[in-house]
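Chain identifiers are assigned alphabetically (A, B, ...) following the order of the sequence lines, protein sequences preceding nucleic acid strands; residue numbering begins at 1 within each chain.
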Amino acid sequence: MELRGVQKWYGDLHVLQDIDLSVAQGEVVVVIGPSGSGKSTLCRTINRLEPVDEGTILIDGAPLPQEGKALARHRADVGMVFQSFNLFAHKTILDNVTLGPIKVRKMAKADAEKRAHELLDRVGVGHQAAKYPAQLSGGQQQRVAIARSLAMDPKVMLFDEPTSALDPEMIKEVLDVMVDLAERGMTMIVVTHEMGFARTAANRVVFMADGRIVESADPESFFTNPQSDRARDFLGKILKH
Amino acid sequence: MDVIIEAFPDILQAFWLNIRLALYSGVLALVLGTLLAAFRVSPVPLLRLIGTVWVNTIRNTPLTLVITFMLFGLSYQLGVTFSDTISENVFWLAVVGLGVYTAAFVCEVLRAGINTVDVGQSEAARSLGFTFTQNLRLVILPQAFRAVIAPLGSTFIALIKNTTIAVVIGVTTAEGINESSGLMRTLIEFNGDQTILIFAVFALGFVIITLPIGLLTSWAAKRLGGVR
């Protein structure tokens, strides 16, 4: 997966500036940076929830489709987990996980349900299948959201601040699922403030500020020896308590 | 009171005619209104334009004009007929007129409902690879409908009362009985001394029909609207 010379403006605000980023298969890239640095926007451009103004995004060497059916097919291959979970409020947990495979992948209902139960068990909410999203805790909802994405057998998973809306004690249960996923070789792009996750699970840390990628390094060298002043300043603020 | 007792079978038939008008045009309005709402939120500019023009033209035209147009414009001038029997033809023309008119209101109510659905729901659906139509049908509209059950009930109540406008193109049963407001006028013409009683009976008739709809939709809104 590759981004080349990506530019995006919101009016006068240049939110993404000359973004070049390539992610290899099985790689886990963690994007960190101060709020408003464009990291969420970057994440959302990869499945075109945010269109870009310039530049190209390639998946498996093919450019991202602009619209219509081709774009829908592309999105089906790119899993996305949101900060606010966004489970379908009117559907049960099981239906949330089977809806995509049945309607988009045209999978038989029985097969989709079998797979959904496996995935829900794997993320530890198997016994909640008949409930509605509002009846679950935030951490449980987010794990269901991960299972919902996994049910589509995505090539890449995007995580847009997946733990930012969670109570501290629920963060761990979600991160555990994500670490497990990383260890199974899933290609992941994770926008997060969880430095612990970045250290343990990431192959690479990308640091963004003011719409640019300022630094890109393996977690060990980034956290112990950041190259830029901006990154040093940022780490100084978040790591010293 | 004798006048009411004597005319009672006719009154029932007249009200039944209003109910039939409301049922058929209600279904038509629901289908058309949903389609129009889909047009208005569609990514295709032409469809959005069609939806906007329809809603703003029809919603701002008096219903009497729409219904009159159905008979004189659509049927006489443009030659659209639904049946060779006059009473049948006029009935269906009224149904179409009422349906087309009410669809504009259903559309706007639904559009308001669509706006109450969190944008994250749609983003999640898109990120799973749903097309626009799948997103609307499976995720957005089911939630939008739940949010607008009560206002849709009001729209339907308005439709039931609006069916009395069908009198302007002379909608009758096969036996020639007018819809209720037409029948009421005839009864008053022949029983001028009992005007108030006749008014009251017909007003009560409408309350009996519409009140349960209001109660039912409020109840359903509480039951279904709460799933969040």
Side-chain angles (χ1 to χ4, degrees), chain A residues 40 43-44 46-51 65-92 95-106 131-135 141 144-145 148-154 156-160 165, chain B residues 30 34 37-49 109-152 217 219-228:
Chain A
S40 276
C43 187
R44 290 162 57 87
I46 297 168
N47 65 356
R48 216 168 190 282
L49 284 180
E50 300 282 353
Q66 296 289 302
E67 56 193 31
K69 290 237 156 59
L71 178 60
R73 266 196 300 277
H74 161 79
R75 282 176 173 152
D77 288 337
V78 178
M80 176 124 190
V81 175
F82 300 86
Q83 181 177 345
S84 48
F85 332 133
N86 296 345
L87 292 179
F88 302 132
H90 62 305
K91 297 272 181 196
T92 63
D95 289 344
N96 262 278
V97 183
T98 57
L99 198 64
I102 292 172
K103 298 294 177 182
V104 178
R105 297 278 191 234
K106 311 293 175 200
K131 290 187 179 170
Y132 283 90
Q135 295 170 287
Q141 287 191 52
V144 173
R148 177 174 69 177
S149 286
L150 287 176
M152 300 296 289
D153 290 319
V156 189
M157 289 271 287
L158 308 173
F159 292 84
D160 185 6
Chain B
L30 206 58
T34 309
F39 277 20
R40 292 207 73 174
V41 297
S42 132
V44 184
L46 179 66
L47 293 183
R48 278 205 303 274
L49 183 73
V109 167
L110 254 184
R111 208 158 61 95
I114 289 172
N115 289 334
T116 68
V117 180
D118 187 86
V119 67
Q121 296 285 308
S122 158
E123 287 186 348
R126 283 153 71 201
S127 79
L128 285 173
F130 288 12
T131 59
F132 172 77
T133 340
Q134 284 178 322
N135 187 354
L136 207 59
R137 193 164 49 88
L138 300 168
V139 178
I140 309 294
L141 282 179
Q143 296 187 62
F145 267 113
R146 281 162 207 234
V148 297
I149 293 170
L152 269 186
T217 49
W219 173 80
K222 261 194 204 135
R223 278 287 311 268
L224 296 171
V227 188
R228 284 222 155 226

Checklist outcome for this item: Rounding to 0.5 Å, atoms NE2 (H90(A)) and CZ (R146(B)) come to a distance of 6.5 Å
Checklist entry - Between OG of S127(B) and CZ of R48(A), what distance do you get to the nearest 0.5 Å? => result 15.0 Å
Checklist entry - Side chain, backbone, both or neither: which part of K103(A) has a heavy atom under 4.5 Å from chain B? => result both
Item to check | Over all atoms of both residues, closest heavy-atom pair of A72(A) and F130(B) | outcome: CB-O, 4.3 Å
Checklist entry - For chain B, which of L71(A), D77(A), V81(A), L99(A) has the most heavy-atom pairs under 4.5 Å? => result L99(A)
Checklist entry - Donor-acceptor pair, E123(B) side chain versus L49(A) backbone, under 3.5 Å? => result no
Checklist entry - Say you draw a straight line from CG of L128(B) to CZ of F88(A); how long is it, rounded to the nearest 0.5 Å? => result 5.0 Å
Checklist entry - What part of R105(A) gets closer than 4.5 Å to chain B, counting heavy atoms only: side chain, backbone, both or neither? => result neither
Item to check | Where K91(A) and L138(B) come nearest, the two heavy atoms and their spacing | outcome: CE-O, 4.0 Å
Checklist entry - Using non-hydrogen atoms only, which part of Q134(B) is less than 4.5 Å away from chain A: side chain, backbone, both, or neither? => result side chain
Checklist entry - What part of L87(A) gets closer than 4.5 Å to chain B, counting heavy atoms only: side chain, backbone, both or neither? => result backbone
Checklist outcome for this item: A89(A) and Q121(B) have their tightest heavy-atom pair at N-OE1, 3.3 Å
